[in-house]
2 protein chains.
Amino acid sequence: MEKDFSTLYLENQLCFPLYAASRLTTKLYTPFLEDLGITYPQYLVLLVLWEKNSQTVTEIGTRLALESNTLTPLLKRLEQKELLTRSRSSKDERAVLVTLTASGQALKEQAVCIPQKIMESFANTSMSKEELQAFQKTLTKLVELLGEE
Amino acid sequence: MEKDFSTLYLENQLCFPLYAASRLTTKLYTPFLEDLGITYPQYLVLLVLWEKNSQTVTEIGTRLALESNTLTPLLKRLEQKELLTRSRSSKDERAVLVTLTASGQALKEQAVCIPQKIMESFANTSMSKEELQAFQKTLTKLVELLGEE
DNA sequence: TACATTTGTATCGTACACGATTTAATCGTA
DNA sequence: TACGATTAAATCGTGTACGATACAAATGTA
């Protein structure tokens, strides 16, 4: 009697489809982001700052579930592109305040069309707008659950 | 009249929840994989090889949507751990055949409990087994769509 | 059969992720 | 008010991802 290994089948695990979907979706965004001269994780940081300017590294990290070891070099690259500035908070010298520059804020105008274009990529597929939205809802719930740690 | 920027809200985009869910799920697997002495992408490669031993780099890459620039160094690390061997195919000298060693095959026995343990992490959450399975189904469909490119 | 094209890996450079550690500032409390 | 504990960033090392490129083997075709 052979052991049952079916649970090890690639698609039967939660992890692989998530991993692949994430990477492939990132690739979908890439051409649009190249027009803006930024990478995908950099885009996420900008999304957070476009929502609310001037946040600390920790605040951005909490929102994206990333820590300073990932964010610090990434933020420095965005600083080099002159999309934001980094400065110690006067209230708490430990905290670094990240603030969009004028061009960082202006980039939002160019980015606003991206979500639309991504949705359009699904227009001629079997994925309906409704299905995508329901899917996204479950995803967000999953992220909340996993994020509680 | 202010422009509508709501589509730029982090959670309203498909990309972010996918990205976060993928990373957080990987973290869920990590402690179990550390017991086996492997990383998460290495685990995925092993899953592919446990299904069918002796595959070329391209075959593994097709399955995981990864290319040789990612796989080659990763496979070399698994070779160093003596979990697999890499050798040129005699039929086609361009192709590299990746074959599990005895210990590479033996590791499957230790890995078989992992999916179960992951599912258990969701036991006391609001995510039911059914919801997870439906979710996984949509995910797989999404991966197929995106993978067609 | 020459030779341009394609295919299969590998290499290189850049940019994340993330565990572990370090350093400095702040906080809590005796 | 000392001082240990906590917190916020940064640094370091390892391991992916991935675009661009290189190169050799195989293939297609005039």
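Quick note: numbers below take in every heavy atom, side chains included, and nothing from hydrogens, waters or symmetry partners. In what follows, every chain begins at residue 1, and chains take the letters A, B, ... in the order their sequences are listed.
Heavy-atom contacts from other residues, nucleotides or ligands closer than 6.0 Å to CD of Glu82(A) number 12 or fewer.
When rounded to the nearest whole Å, the span between CD of Glu79(A) and P of dA9(D) equals 14 Å. Nucleotide dT16(D) holds its C1' atom 13 Å from the CG atom of Leu64(B), rounded to whole Å. As a whole-Å value, the separation of Glu67(B) CD from dG19(D) C1' is 9 Å. Note: CD (Gln80(B)) to P (dT14(D)) measures 12 Å, nearest angstrom. Across the protein-nucleic acid pair, Leu74(A) atom CG and dA17(D) atom C1' stand 15 Å apart, rounded to whole Å.
Side-chain contact between Gln13(A) and Gln136(B): absent, with no pair of heavy atoms (C-beta onward) separated by less than 4.5 Å. Proximity of Leu24(B) to Tyr19(B): side-chain heavy atoms (C-beta onward) are nowhere separated by under 4.5 Å. Taking the side chain as every heavy atom from C-beta outward, Leu139(A) and Leu18(A) approach each other to under 4.5 Å.
Residues from residues 23-45 of chain A lying near DNA chain D, meaning a heavy-atom separation below 4.0 Å, are Arg23(A), Lys27(A) in numerical order.
Here the CG atom belonging to Leu142(A) is positioned 4.5 Å from the CE atom belonging to Met127(B), to the nearest 0.5 angstrom.
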*Using a 4.0 Å cut-off on protein heavy atoms (strictly under), produce a 5'-to-3' string for nucleotides 1-12 of chain C with B for base contact, S for backbone-only sugar-phosphate contact, and - for none.*
------BSBBBB
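Of the candidates dA25(D), dT16(D), dA25(C), dA25(D) carries the atom nearest the Glu93(B) side chain, counting heavy atoms from C-beta on.
Using a 4.0 Å cut-off between charged side-chain N and carboxylate O, Glu93(B) and Arg88(B) make no salt bridge.
Side-chain contact of Thr56(A) with Thr58(A): a donor-acceptor pair under 3.5 Å is absent, judged by distance alone.
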*Going through the distances and angles, do Leu64(A) and Thr70(A) end up as a side-chain contact (heavy atoms from CB on, under 4.5 Å)?*
CA-CA 11 Å; Leu64(A) 299 177; Thr70(A) 299; over 6 Å; no
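The side chain of Arg77(A) places an N or O atom within less than 4.0 Å of a non-bridging phosphate oxygen (OP1 or OP2) of dC16(C). Tyr19(B) has a side-chain polar atom (N or O) that falls below the 4.0 Å cut-off from OP1 or OP2 of dA17(C).
Relative ring orientation between Tyr43(B) and Trp50(B) is described as perpendicular, the plane-to-plane angle rising above 60° on a 0-90° scale split at 30° and 60°.
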